[in-house]
Amino acid sequence: MKDVDIELVQLDKYISELRNLLNEVSITSDEEEARLMISECLDELIVIYMKMLRAKKENSLV
């Protein structure tokens with residue numbers, strides 16, 4: 001597996017973990033600040049994942 005593929009797999013794992021954490025916090029806590037912080041981190045990871053995926057796709061076309 002290439003380094004980029006390994007990083008994508010790791011990012012996917014972190015995204016899933018944060019998604020699960022956000023769901024748990026949303027159900028069990030009224031802490032709006034905690035939900036927003038987790039949500040922002042999740043958004044940032046998704047953006048990084050999508051950029052890496054796009055770069056990988058563009059490089060494989062060359």
Is Leu45 reachable from Val9 through a run of hydrophobic residues whose side-chain heavy atoms are each under 4.5 Å from the next? no
Table please: side-chain donor-acceptor pairs of residues 25-38 below 3.5 Å, with sequence neighbours left out.
{"unit_1": "Ser26", "atom_1": "OG", "unit_2": "Leu22", "atom_2": "O", "d": "2.8"}
{"unit_1": "Thr28", "atom_1": "OG1", "unit_2": "Glu24", "atom_2": "O", "d": "2.7"}
{"unit_1": "Ser29", "atom_1": "OG", "unit_2": "Glu31", "atom_2": "N", "d": "3.0"}
{"unit_1": "Glu32", "atom_1": "OE1", "unit_2": "Arg35", "atom_2": "NH2", "d": "2.5"}
{"unit_1": "Arg35", "atom_1": "NH1", "unit_2": "Ser29", "atom_2": "O", "d": "2.9"}

Going from CD1 on Ile6 to CG on Asp3, what distance comes out if it is rounded to the nearest 0.5 angstrom? 5.5 Å
Value for CG (Leu11) from OG (Ser16), rounded to nearest 0.5 Å, stands at 10.5 Å
dist Asp12:CG -> Ile46:CD1 (nearest 0.5 Å) comes out at 10.0 Å
Show me, pair by pair, the donor-acceptor contacts under 3.5 angstrom made by side chains of residues 48-55, not counting sequence neighbours?
none

